[in-house]
Amino acid sequence: MPDVRSMCAIGLSGQIGLNGHLPWEGNPDPEFREDVANFFRNTRGHVLMAGPTTCRAVPAYERQFMTIFELRSHMDPLETLAQFAGRVVYIGGGPPVWDVYAKYIRHWDITRLPYDGPADRWFNPAWLVDNGQK
């Protein structure tokens, strides 16, 4: 089994997504830029497993530094994770992915950002406890 982790940022009210993007995407303030830089710094050399939207969001200049594996709903989580035994795997991609993979994540790295605007996706604290079961 790999070392399964997740790294995400949430807004002040738990916001994580808006129309398929980060709600604060493009914000030039230092804390938002540092969050993105920190994500790529920490995932470098590792595996990023995520849904199609998140995989497509990884810029071309960062793709060379990580293994990107696109998750699909028909995949068995244990079989999928077993392909990367001995590696560090970051699970990304928002609620549909975390609903399935949260119980395998042993470390969550969560950054709270100073955003308190609209969202259509929210962080679910149940992902952190009870093996991610709602």
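Below, all heavy atoms of this structure are taken into account, side chains as well, without hydrogens, waters or symmetry copies.
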K.L.:
Rounded to the nearest 0.5 Å, what's the gap from OG1 on Thr53 to CG on Asn19? Could you check?
P.N.:
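Answer for the OG1-CG pair, Thr53 versus Asn19, is 11.5 Å.
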K.L.:
May I ask you to decide whether Arg112 forms a salt bridge with Glu31, counting only side-chain N to carboxylate O separations under 4.0 Å?
P.N.:
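The answer is no: the pair does not qualify as a salt bridge.
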K.L.:
Which atom names give the shortest non-hydrogen contact between Gly93 and Thr54, and what distance separates them?
P.N.:
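Scanning both residues completely, I find the closest heavy atoms to be CA-OG1, 3.1 Å.
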K.L.:
Is the shortest side-chain heavy-atom distance between Ile16 and Pro95 below 4.5 Å?
P.N.:
yes
K.L.:
Say whether Phe40 and Met49 are linked into one hydrophobic cluster, either directly or through other cluster members, by side-chain heavy-atom distances under 4.5 angstrom.
P.N.:
no
K.L.:
Answer yes if Ile110 and Trp122 sit in the same cluster of Ile, Leu, Val, Met, Phe, Trp and Tyr residues linked by side chain heavy atoms under 4.5 Å apart, and no otherwise.
P.N.:
no
K.L.:
Side-chain heavy atoms nearer than 4.5 Å, only ILVMFWY residues, links allowed to pass through others: does that put Val97 and Leu81 together?
P.N.:
yes
K.L.:
Nearest heavy-atom pair of Arg63 and Arg56: which atoms, and what distance?
P.N.:
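The pair with the smallest heavy-atom distance is NH2-CA, 3.6 Å.
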K.L.:
Are Asp3 and Arg106 close enough, and set up right, to give a side-chain contact (heavy atoms from CB on, under 4.5 Å), and what steps lead you there?
P.N.:
CA-CA 7 Å; Asp3 177 2; Arg106 71 158 199 91; 2.5 Å; yes
K.L.:
Determine the minimum heavy-atom distance between Pro2 and Val89, stating which atoms define it.
P.N.:
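In terms of heavy atoms, the two residues are closest at CB-CG2, 3.6 Å.
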K.L.:
If you look at every heavy atom in Asp116 and Ser13, which pair is closest and at what distance?
P.N.:
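Closest approach of Asp116 to Ser13: OD1-OG, 2.8 Å.
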K.L.:
Centre-to-centre under 6.0 Å for Phe69 and Phe84, is that the case here?
P.N.:
yes
K.L.:
Under the 3.5 angstrom rule, does the side chain of Thr80 hit a backbone N or O of Asp76 as a donor-acceptor pair?
P.N.:
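Confirmed, Thr80 side chain pairs with Asp76 backbone.
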K.L.:
How many angstroms lie between atom CG of Asp35 and atom SG of Cys8, to the nearest 0.5 angstrom?
P.N.:
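With rounding to 0.5 Å, CG (Asp35) is 9.0 Å from SG (Cys8).
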K.L.:
For the atom pair CE (Met7) and CD1 (Ile105), what is the distance rounded to the nearest 0.5 Å?
P.N.:
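Spacing of CE (Met7) from CD1 (Ile105) equals 12.5 Å.
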K.L.:
For Pro118 and Pro23, which heavy atoms make the closest approach, and how far apart are they?
P.N.:
O-CB, 3.7 Å
K.L.:
Supply the atom-to-atom distance Thr67 OG1 to Gln83 CD, rounded to the nearest 0.5 angstrom.
P.N.:
11.5 Å
K.L.:
Just by distance, with hydrogens left out, do Asp99 and Trp127 show a side-chain donor and acceptor under 3.5 Å apart?
P.N.:
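Trp127 and Asp99 do have a side-chain donor-acceptor pair below 3.5 Å.
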K.L.:
Under a single-linkage definition using a 4.5 Å side-chain heavy-atom cutoff for Ile, Leu, Val, Met, Phe, Trp and Tyr, are Tyr101 and Leu78 assigned to the same hydrophobic cluster?
P.N.:
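Yes; tracing contacts between hydrophobic side chains, which count when under 4.5 Å, links both residues.
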K.L.:
Answer whether the closest heavy-atom distance between the side chains of Met1 and Arg87 falls below 4.5 Å.
P.N.:
no
K.L.:
Can Gln15 and Ile10 be said to form a side-chain contact (heavy atoms from CB on, under 4.5 Å), step by step?
P.N.:
CA-CA 5 Å; Gln15 306 97 316; Ile10 64 173; over 6 Å; no
K.L.:
Can you name the nearest heavy-atom pair linking Leu48 to Gly92, along with the distance?
P.N.:
CD1-N, 4.2 Å
K.L.:
Any heavy-atom pair between the side chains of Tyr90 and Val47 that's under 4.5 Å?
P.N.:
no
K.L.:
Using a 4.5 Å cut-off on heavy atoms from C-beta on, say whether the side chain of His107 contacts that of Val4.
P.N.:
no
K.L.:
May I ask whether Leu71 and Trp98 are part of the same hydrophobic cluster, defined by side-chain heavy atoms of I, L, V, M, F, W, Y residues being less than 4.5 angstrom apart, directly or through others?
P.N.:
yes
K.L.:
Parallel, tilted or perpendicular: which describes the rings of Trp24 and Phe32, with under 30° parallel and over 60° perpendicular?
P.N.:
tilted
K.L.:
Should the pair Glu70-Arg72 be classified as a salt bridge under the 4.0 Å nitrogen-to-oxygen rule?
P.N.:
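A salt bridge is present here (some side-chain N lies under 4.0 Å from a carboxylate O).
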K.L.:
Quick one: does any side-chain atom of Asn42 pair with a main-chain N or O of Asn38 as donor and acceptor, under 3.5 Å?
P.N.:
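A pair under 3.5 Å: yes.
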K.L.:
Between Asp109 and Arg5, is the closest basic N to carboxylate O distance under 4.0 Å?
P.N.:
no
